Trainee: 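Supplied in C-alpha coordinates, the structure appears directly below.
Source: prediction; values computed, not measured. The basis for the numbers below is simple: all heavy atoms, side chains too, and nothing from hydrogens, waters or symmetry mates.
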Amino acid sequence: MTSWNAPAKFFHWLVAVLVLAQIALGLAAIGWSLSPTKLNLYVWHKSLGLLILAVMALRLLWRLTHPGPGLPEGTPAWENSAARASHFLLYALLIALPLSGWVIASASGIPFRIFWQVPLPEIVTADKATADVAARVHFWLLVAFVPLLVLHAGAALRHHYIKRNDVLRRMLPFA
(Lines give C-alpha, C1' and ligand atoms only; values in the text may rest on other atoms or scores of the structure.)
Protein backbone atom coordinates (compact mmCIF):
# COMPACT_ATOMS: atom_id res chain seq x y z
CA MET A 1 0.00 0.00 0.00
CA THR A 2 1.45 3.34 -1.01
CA SER A 3 -1.23 5.71 0.28
CA TRP A 4 -3.69 6.03 3.13
CA ASN A 5 -7.25 5.03 2.25
CA ALA A 6 -10.04 7.62 1.95
CA PRO A 7 -11.60 7.06 5.41
CA ALA A 8 -8.19 7.36 7.11
CA LYS A 9 -7.54 10.63 5.28
CA PHE A 10 -11.02 11.89 6.13
CA PHE A 11 -10.61 11.13 9.84
CA HIS A 12 -7.11 12.67 9.88
CA TRP A 13 -8.11 15.97 8.30
CA LEU A 14 -11.44 16.21 10.14
CA VAL A 15 -9.65 15.83 13.47
CA ALA A 16 -6.98 18.33 12.36
CA VAL A 17 -9.60 20.99 11.55
CA LEU A 18 -11.56 20.27 14.74
CA VAL A 19 -8.41 20.46 16.89
CA LEU A 20 -7.38 23.82 15.43
CA ALA A 21 -10.89 25.17 16.00
CA GLN A 22 -10.88 23.66 19.49
CA ILE A 23 -7.64 25.35 20.49
CA ALA A 24 -8.89 28.71 19.15
CA LEU A 25 -12.24 28.35 20.96
CA GLY A 26 -10.57 27.35 24.22
CA LEU A 27 -8.19 30.30 24.15
CA ALA A 28 -10.98 32.70 23.19
CA ALA A 29 -13.25 31.40 25.95
CA ILE A 30 -10.55 31.75 28.60
CA GLY A 31 -9.74 35.31 27.56
CA TRP A 32 -13.32 36.54 27.13
CA SER A 33 -14.99 38.47 29.93
CA LEU A 34 -18.04 36.87 31.54
CA SER A 35 -20.90 37.33 29.08
CA PRO A 36 -23.30 35.30 26.93
CA THR A 37 -20.55 35.18 24.27
CA LYS A 38 -18.14 33.54 26.73
CA LEU A 39 -20.78 30.95 27.63
CA ASN A 40 -21.42 30.26 23.94
CA LEU A 41 -17.68 29.85 23.30
CA TYR A 42 -17.57 27.25 26.08
CA VAL A 43 -20.58 25.42 24.63
CA TRP A 44 -18.82 25.28 21.26
CA HIS A 45 -15.54 24.23 22.91
CA LYS A 46 -17.12 21.44 24.96
CA SER A 47 -19.30 20.29 22.07
CA LEU A 48 -16.37 20.12 19.64
CA GLY A 49 -14.35 18.29 22.29
CA LEU A 50 -17.01 15.60 22.49
CA LEU A 51 -17.19 15.49 18.70
CA ILE A 52 -13.41 14.96 18.61
CA LEU A 53 -13.81 12.14 21.15
CA ALA A 54 -16.47 10.46 18.97
CA VAL A 55 -14.44 10.89 15.77
CA MET A 56 -11.32 9.58 17.52
CA ALA A 57 -13.23 6.47 18.62
CA LEU A 58 -14.24 5.85 14.99
CA ARG A 59 -10.75 6.71 13.77
CA LEU A 60 -9.13 4.32 16.23
CA LEU A 61 -11.53 1.53 15.27
CA TRP A 62 -10.80 2.15 11.58
CA ARG A 63 -7.05 2.29 12.15
CA LEU A 64 -7.02 -0.97 14.13
CA THR A 65 -8.91 -2.77 11.36
CA HIS A 66 -7.27 -1.11 8.35
CA PRO A 67 -3.49 -0.78 8.65
CA GLY A 68 -1.86 2.03 6.73
CA PRO A 69 1.30 2.19 4.71
CA GLY A 70 4.60 1.96 6.52
CA LEU A 71 7.37 4.49 6.25
CA PRO A 72 9.44 4.36 3.05
CA GLU A 73 12.00 1.62 2.63
CA GLY A 74 15.35 2.55 4.14
CA THR A 75 13.82 4.59 6.97
CA PRO A 76 16.03 4.13 10.05
CA ALA A 77 14.64 1.98 12.87
CA TRP A 78 14.76 4.90 15.32
CA GLU A 79 12.56 6.94 12.98
CA ASN A 80 10.02 4.11 12.66
CA SER A 81 9.96 3.81 16.46
CA ALA A 82 9.60 7.57 16.89
CA ALA A 83 6.73 7.67 14.37
CA ARG A 84 4.89 4.83 16.13
CA ALA A 85 5.42 6.39 19.56
CA SER A 86 4.34 9.86 18.47
CA HIS A 87 1.20 8.53 16.76
CA PHE A 88 0.32 6.50 19.85
CA LEU A 89 0.76 9.61 22.02
CA LEU A 90 -1.28 11.76 19.63
CA TYR A 91 -4.16 9.26 19.73
CA ALA A 92 -3.90 8.97 23.53
CA LEU A 93 -3.93 12.74 24.01
CA LEU A 94 -6.77 13.22 21.51
CA ILE A 95 -8.83 10.88 23.67
CA ALA A 96 -7.57 12.03 27.09
CA LEU A 97 -8.14 15.75 26.44
CA PRO A 98 -11.88 15.44 25.71
CA LEU A 99 -12.31 12.95 28.55
CA SER A 100 -10.66 15.34 31.01
CA GLY A 101 -12.91 18.11 29.69
CA TRP A 102 -15.92 15.87 30.25
CA VAL A 103 -14.79 15.31 33.84
CA ILE A 104 -14.50 19.09 34.31
CA ALA A 105 -18.01 19.59 32.91
CA SER A 106 -19.47 16.83 35.10
CA ALA A 107 -17.63 17.84 38.27
CA SER A 108 -18.67 21.48 37.85
CA GLY A 109 -22.28 20.46 38.53
CA ILE A 110 -23.60 22.71 35.77
CA PRO A 111 -25.89 20.83 33.36
CA PHE A 112 -24.58 20.91 29.80
CA ARG A 113 -26.17 20.21 26.42
CA ILE A 114 -23.98 19.21 23.48
CA PHE A 115 -24.53 21.80 20.73
CA TRP A 116 -27.34 23.17 22.94
CA GLN A 117 -29.41 20.01 22.22
CA VAL A 118 -28.22 16.72 23.74
CA PRO A 119 -27.78 16.48 27.51
CA LEU A 120 -24.26 15.38 28.44
CA PRO A 121 -24.36 12.50 30.93
CA GLU A 122 -22.25 13.01 34.03
CA ILE A 123 -19.25 10.71 34.40
CA VAL A 124 -18.34 11.95 37.91
CA THR A 125 -20.37 13.53 40.67
CA ALA A 126 -20.28 17.28 41.16
CA ASP A 127 -17.25 18.19 43.26
CA LYS A 128 -15.17 21.37 43.09
CA ALA A 129 -11.92 19.63 44.06
CA THR A 130 -12.39 17.07 41.27
CA ALA A 131 -13.20 19.86 38.79
CA ASP A 132 -10.03 21.73 39.83
CA VAL A 133 -7.81 18.64 39.46
CA ALA A 134 -9.41 17.78 36.11
CA ALA A 135 -8.84 21.36 34.91
CA ARG A 136 -5.14 21.13 35.79
CA VAL A 137 -4.88 17.74 34.07
CA HIS A 138 -6.67 19.17 31.01
CA PHE A 139 -4.21 22.07 30.88
CA TRP A 140 -1.12 19.84 31.18
CA LEU A 141 -2.45 17.44 28.57
CA LEU A 142 -2.74 20.44 26.25
CA VAL A 143 0.80 21.51 27.15
CA ALA A 144 1.97 18.02 26.13
CA PHE A 145 -0.22 17.94 23.03
CA VAL A 146 0.84 21.21 21.35
CA PRO A 147 4.56 20.41 20.97
CA LEU A 148 3.68 16.89 19.84
CA LEU A 149 1.36 18.36 17.21
CA VAL A 150 4.12 20.72 16.05
CA LEU A 151 6.54 17.76 15.92
CA HIS A 152 4.03 15.75 13.87
CA ALA A 153 3.55 18.55 11.33
CA GLY A 154 7.29 19.23 11.27
CA ALA A 155 8.05 15.57 10.60
CA ALA A 156 5.60 15.56 7.68
CA LEU A 157 7.25 18.67 6.24
CA ARG A 158 10.70 17.16 6.80
CA HIS A 159 9.67 14.07 4.84
CA HIS A 160 8.34 16.23 2.01
CA TYR A 161 10.97 18.97 1.69
CA ILE A 162 14.16 17.44 3.09
CA LYS A 163 13.85 13.69 2.60
CA ARG A 164 11.78 14.23 -0.56
CA ASN A 165 9.61 11.16 -0.12
CA ASP A 166 5.84 10.66 -0.36
CA VAL A 167 4.98 10.46 3.37
CA LEU A 168 3.09 13.78 3.31
CA ARG A 169 1.58 13.37 -0.18
CA ARG A 170 -0.03 10.04 0.63
CA MET A 171 -2.04 11.64 3.48
CA LEU A 172 -3.19 14.65 1.47
CA PRO A 173 -6.96 14.51 0.81
CA PHE A 174 -6.85 14.57 -2.98
CA ALA A 175 -3.50 12.91 -3.65
Side-chain angles (χ1 to χ4, degrees), residues 1-32 36-71 82-105 112-120 134-135 137-162 165-175:
M1 174 188 304
T2 60
S3 186
W4 290 92
N5 56 42
K9 290 178 182 183
F10 172 76
F11 287 135
H12 178 275
W13 292 107
L14 176 59
V15 169
V17 168
L18 290 173
V19 163
L20 293 176
Q22 188 65 326
I23 291 170
L25 284 167
L27 292 173
I30 288 169
W32 214 276
T37 300
K38 182 180 186 98
L39 299 177
N40 284 333
L41 288 169
Y42 272 118
V43 171
W44 277 106
H45 180 75
K46 293 174 188 179
S47 297
L48 286 186
L50 292 162
L51 182 57
I52 289 170
L53 182 61
V55 171
M56 283 305 299
L58 293 172
R59 183 179 182 183
L60 183 59
L61 180 63
W62 184 263
R63 182 75 174 90
L64 291 173
T65 58
H66 297 82
L71 288 173
R84 276 193 303 280
S86 66
H87 281 95
F88 173 82
L89 287 172
L90 281 169
Y91 274 70
L93 289 167
L94 285 166
I95 292 168
L97 274 160
L99 285 176
S100 65
W102 191 351
V103 171
I104 297 166
F112 175 73
R113 291 182 168 275
I114 305 164
F115 294 112
W116 295 272
Q117 302 298 314
V118 181
L120 178 66
V137 167
H138 193 68
F139 172 78
W140 287 108
L141 289 172
L142 179 64
V143 168
F145 178 74
V146 169
L148 190 59
L149 182 62
V150 170
L151 178 70
H152 178 70
L157 294 173
R158 175 180 171 262
H159 277 281
H160 188 74
Y161 290 107
I162 296 172
N165 60 36
D166 67 345
V167 168
L168 174 62
R169 265 191 315 277
R170 62 190 184 180
M171 183 49 91
L172 293 176
F174 303 106

Trainee: Would you find a donor on one side and an acceptor on the other, under 3.5 Å apart, between the side chain of D166 and the backbone of R169?
Mentor: no

Trainee: Could you measure the distance from the CG atom of L148 to the CZ atom of F145? Nearest 0.5 Å is fine.
Mentor: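 Answer rounded to 0.5 Å: 7.5 Å.
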
Trainee: Please list, chain by chain and in numerical order, all residues satisfying side chain to side chain contact (heavy atoms under 4.5 Å, CB included) with T37, sequence neighbours excluded.
Mentor: W32, S35, L41

Trainee: Determine whether F174 and K9 satisfy the following criterion, side-chain contact (heavy atoms from CB on, under 4.5 Å), listing intermediate values before the conclusion.
Mentor: CA-CA 9 Å; F174 303 106; K9 290 178 182 183; over 6 Å; no

Trainee: Ring-plane angle category for Y42 and H45, please: parallel below 30°, perpendicular beyond 60°, tilted otherwise.
Mentor: perpendicular

Trainee: Just wondering, do S47 and F112 contact through their side chains at under 4.5 Å, heavy atoms?
Mentor: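 Yes; the side chains approach each other to less than 4.5 Å.
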
Trainee: Is it true that a side-chain atom of H138 and a backbone atom of I104 form a donor plus acceptor pair closer than 3.5 Å?
Mentor: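 Answer holds: no.
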
Trainee: For the side chain to side chain contact (heavy atoms under 4.5 Å, CB included) test, which of L141, I52, L51 pairs with P98?
Mentor: I52

Trainee: State, to 0.1 Å, how close L71 and R170 come at their nearest heavy-atom pair, and which atoms those are.
Mentor: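 The pair with the smallest heavy-atom distance is CA-NH2, 3.7 Å.
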
Trainee: Return the CE to CG distance between M56 and L93, rounded to the nearest 0.5 Å.
Mentor: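 If I round to the nearest 0.5 Å, the distance is 10.0 Å.
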
Trainee: From L58 CG over to F10 CZ, what is the distance, rounded to the nearest 0.5 angstrom?
Mentor: 9.5 Å

Trainee: Within the side chain of H87, is there an N or O that forms a donor-acceptor pair under 3.5 Å with the backbone of A83?
Mentor: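 It does hold such a pair.
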
Trainee: Could you tell me if the side chain of R113 sits less than 4.5 Å from the side chain of P119, heavy atoms only?
Mentor: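 Side chain of P119 against side chain of R113, heavy atoms only: contact under 4.5 Å found.
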
Trainee: Would you say W116 and V43 make side-chain contact, with heavy atoms under 4.5 Å?
Mentor: yes

Trainee: I'd like to know if the side chain of W13 and the backbone of M171 have a donor-acceptor N/O pair within less than 3.5 Å.
Mentor: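 Judged by distance alone, yes, a pair lies under 3.5 Å.
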
Trainee: Is it true that a side-chain atom of H12 and a backbone atom of A8 form a donor plus acceptor pair closer than 3.5 Å?
Mentor: no

Trainee: Among L94, L50, V15, L60, which residue meets the side chain to side chain contact (heavy atoms under 4.5 Å, CB included) test with V55?
Mentor: V15

Trainee: Are L168 and H159 close enough, and set up right, to give a side-chain contact (heavy atoms from CB on, under 4.5 Å), and what steps lead you there?
Mentor: CA-CA 7 Å; L168 174 62; H159 277 281; 5.6 Å; no

Trainee: Enter the distance from I23:CD1 to L142:CG here, rounded to the nearest 0.5 Å.
Mentor: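 Result: 6.0 Å between the selected atoms.
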
Trainee: Please report the shortest heavy-atom distance between G68 and R63, naming the atom on each side.
Mentor: N-NH1, 3.2 Å

Trainee: Atom CG in L48, atom CD in Q22: separation rounded to 0.5 Å?
Mentor: 5.0 Å

Trainee: Treating K46 as the side-chain partner and W102 as the backbone partner, does any N or O pair qualify as donor plus acceptor under 3.5 Å?
Mentor: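 Looks like no, no N/O pair under 3.5 Å.
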
Trainee: As an exercise, state the distance from CG of L172 to CH2 of W4, rounded to the nearest 0.5 Å.
Mentor: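 Those atoms lie 13.5 Å apart.
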
